[in-house]
Amino acid sequence: MGKSITYKVLEKHLSCGKLVAGQEIGIKIDQTLTQDATGTMAYLQFESMGLDRVKTETSVSYIDHNTIQQGYENADDHKYLQTVAAKYGIYFSRAGNGICHQVHLERFSVPAKTLLGSDSHTPTCGGMGMIAIGAGGLDVAVAMGGGIFYLIAPQVIKVELTGKLREWVSAKDVILHLLGILSTKGNVNKVIEYAGDGVETLSIPQRATITNMGAEMGVTTSIFPSDRITQQFLTAQGRDHQWVGLCADESAQYCKVIKIDLAQVMPMVALPNSPANVVCVRELAGKKVDQVQIGSCTNSSLRDLMIVGKILEGKKVHPRVSLSIAPGSRQVFSMISKNGTLSSMIDAGARIMESTCGFCIGNGQAPQTQAVSVRTNNRNFSGRCGTESAGVYLVSPQTAALAAIAGEFIDPFSMKKEVFPRVDLPQSFDIDDSMIIVPLEPLPQVEVFRGPNIGSLPVNTFLSEELFGEVVIKVGDKITTDHIMPAGQRLKYRSNIKKYSEYVFENIDSDFWRKALKLRDDKKSVFIVAGASYGQGSSREHAAVCPMYLGVKAVLAKSFERIHVANLVNFGILPLVFDKEEDYDKIAQNDHIQIKDIISQMANSDTIVISNQTKNIEIKMKGIMSPRQKEIVKAGGLLNSL
Ligand code: MIC
Ligand code: SF4
């Protein structure tokens, strides 16, 4: 039987297990990436493993999330990360060099290799034909130490692209269109593989926009073939020697095939508060807009910003609108500063931001109360932008630029055909890696800098045979890690678990942490009850570490997202799924829960019976852990078990 691209790359990297969809496998990781908001924990964990250096082909530590530096905390974290990188042989991309995914795509991505990143948008490099997967920091730390990364061998969905995008339609519209089909739930342990003759009409940055937002569907990753276009991009980045071709066999089998005629895709917009809440931009034409934000790892490439620059050329930003633009990397920034794009933006009245995540993670640029904020990034969860009452609308760079000038949504198709800005990628990009510090060989003696913001690693206790405690919070469907562990203004506590834990579920129940701590200190267990797709969104392991610190022992949910379930296990929290979904209604907040003989229950079957003592009933839960994961939870987490 022929093979998909996904299975070809997985097979080459297989370390253990059988490559059969649904079974747990272990793969070798060639490259890792971390960013500063998840990196400090990942490196504290790596340090605790006692190794003398990283064992991967390439590991890169990026500073891109927390660059606001109000107070000493961020700068201390950056210094810690820089010294750790020098000590253990890690490339260090300094603040200002750009967003990890954009820089990795430009400077480090290699087709047919594996990449594990402590950020959920790591699949961006799938646009280059990599198996690029987002994971919690601890899994990345293990991979840096040469350890295996475990995952469920995925089912592969083929998305067959035909035709060519029309003018004014972009790669962002393609992925929003697909989100409308696949939604944000029910895609766990799947990979999306792109094929068809439409692929060659898409440049690498366009492909990367598409794979980037696969994360919003909850798939393990997304991947494009490596072809002539991939080779051209690598050549233009001065890395032609790193190209290898990669395509699926004709007879490869897929679990599902979705056909998209690129010529039929419309300009799309995702309405608040879900990236899958999509409609055609046409339906919003005339709706007033208060803020426009262009950038993020989804849409901040040279091509994207040159299109924006051309639309803004000779125009002025509408007086109602605040427009900010953040180039994705220093390479993009530098090139738009030389080719006239930047001056068109400045002359139009755009506010030019640093090459960082910034607005995308709520780090600045919070819009006004009840604002209509139009953004080119990938997530519009409520509150993520920093203003709870604002509505965030996700669009392509061209739709965003048109709205910035008009002060309202414009249907791009209402624009004259001939005014569409045509942009070709350059034959060669400007290459200047001076903001990437290359590790010295042999590795020098380096003293790791630890400012007061670098806390110690919290350690869990071994799982006891019996848990008794209370449901401290009951939440509904699609709870994201932004709900569990807010970012934005709280980002500066990422290295200080004790302090950061005070903000768990801040926007749902700001007293959660106090109630949980009280139970923990009374030696009782804290339980969370949740609906479907618990833990969507980011890879932040803090959404497991901080609850663990507060005494959470189990999450009882209708279903979980992949990265979050791995993080719960890594920190010794039991992820349990209702055997019958309707049993969710049989547990209320404050109910007393007891789970007896857990370890023997886990050993004997995949069903765990819990008792709701308040209602005097028993409820069957499914254990969704592999035998390996059961051992980790028993040990109180991966670090203990290592
Ligand atoms: C995000 O886009 O939500 C983040 C911030 O990049 C996160 C990582 C984090 O929380 O630090 C992600 O996507 O994993
Ligand atoms: Fe940064 Fe936003 Fe991309 Fe996350 S999604 S890596 S916050 S730009």
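Here the structure is a predicted model, which means the values were calculated and not measured. Just the heavy atoms: all of them, side chains too, but no hydrogens, waters or symmetry mates, feed the values below. Start at 1 and go down the list; that is how both ligands and their atoms are numbered.
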Can you check whether R94's main-chain N or O pairs, donor with acceptor, with N97's side chain at less than 3.5 Å? no
Pairing donors with acceptors under 3.5 angstrom, does anything connect the side chains of N567 and H542? no
How about T480 and H483: does a side-chain donor come under 3.5 Å of a side-chain acceptor? yes
Is the distance between the ring centroids of F108 and H104 under 6.0 Å? yes
Residue, atom name and distance, where the atom is the protein heavy atom closest to atom 8 (C) of ligand 1: Q35 NE2, 3.2 Å
Determine whether more than 12 heavy atoms belonging to other residues, nucleotides or ligands lie under 6.0 Å from atom CD of E388. yes
Return the closest protein heavy atom for atom 11 (O) of ligand 1 as residue, atom name and distance. R494 NH1, 2.7 Å
Quick note on ligand 1: atoms under 4.0 Å from a heavy atom of S539 include exactly 12 (C), 14 (O)
The closest protein heavy-atom partner of atom 4 (Fe) of ligand 2 is H65 NE2, 3.9 Å
Which atoms of the protein, restricted to N, O or S, are nearer than 2.8 Å to atom 3 (Fe) of ligand 2? C297 SG
After noting the C-alpha distance and the side-chain angles of F449 and Y80, does the key distance pass the ring-ring contact (aromatic ring centres under 6.0 Å, His included) rule? CA-CA 5 Å; F449 173 89; Y80 165 76; 8.6 Å; no
Please confirm whether the ring centroid of Y88 lies under 6.0 Å from the ring centroid of Y43. no
Name the closest protein heavy atom to atom 3 (O) of ligand 1, giving the residue it belongs to and the distance to 0.1 Å. R384 NH1, 2.8 Å
I need the atoms of ligand 1 closer than 4.0 Å to a non-hydrogen atom of D119, numbered in the order shown. 4 (C), 6 (O), 7 (C), 8 (C), 12 (C), 13 (O), 14 (O)
Under a 4.0 angstrom heavy-atom cut-off, which atoms of ligand 1 come close to T38? 9 (C), 11 (O)
Compute the centroid of each ring, for Y500 and then for Y493, and state whether the two points are separated by less than 6.0 Å. no
Hey, mind stepping through T298 and N378 against side chain to side chain donor-acceptor pair (under 3.5 Å) and telling me if it holds? CA-CA 6 Å; T298 319; N378 43 37; 3.0 Å; yes
What is the nearest protein non-hydrogen atom to atom 13 (O) of ligand 1, stated with its residue, atom name and distance? S120 OG, 2.6 Å
Nitrogen or oxygen atoms of R540 and ligand 1 under 3.5 Å apart: yes
Which atoms from ligand 1 have a heavy atom of A37 less than 4.0 Å away? 11 (O)
When you compare ligand 1 with D482, is there at least one nitrogen or oxygen pair between them that comes in under 3.5 angstrom? no
Quick one: does R562's side chain have a donor or acceptor within less than 3.5 Å of a partner on N189's backbone? no
I need the nearest protein heavy-atom contact for atom 12 (C) of ligand 1: residue, atom name and distance, please. S538 CB, 3.1 Å
Determine whether S118 and L33 satisfy the following criterion, side-chain contact (heavy atoms from CB on, under 4.5 Å), listing intermediate values before the conclusion. CA-CA 7 Å; S118 61; L33 72 76; 5.5 Å; no
I'd like to know if D482 and R540 make a salt bridge, using a cut-off of under 4.0 Å between side-chain N and carboxylate O. yes
Do N74 and D36 have side-chain N/O donor and acceptor atoms under 3.5 Å apart? no
If hydrogens are left out, which of N66, I361, D36 has an atom nearest to atom 5 (C) of ligand 1, that is, the closest non-hydrogen atom? I361
May I ask you to list the atoms of ligand 1 that are less than 4.0 angstrom from any heavy atom of H65? 4 (C), 5 (C), 6 (O)
State if M485 counts as touching ligand 1 under the rule of any non-hydrogen atom under 4.0 Å. no
Does R379 come within less than 4.0 angstrom of ligand 1, counting non-hydrogen atoms of the residue? yes
Between Q35 and ligand 2, which part of the residue brings a heavy atom under 4.0 Å of the ligand: side chain, backbone, both or neither? neither
Going by atom types alone, do N453 and D76 pair a side-chain donor with an acceptor below 3.5 Å? no
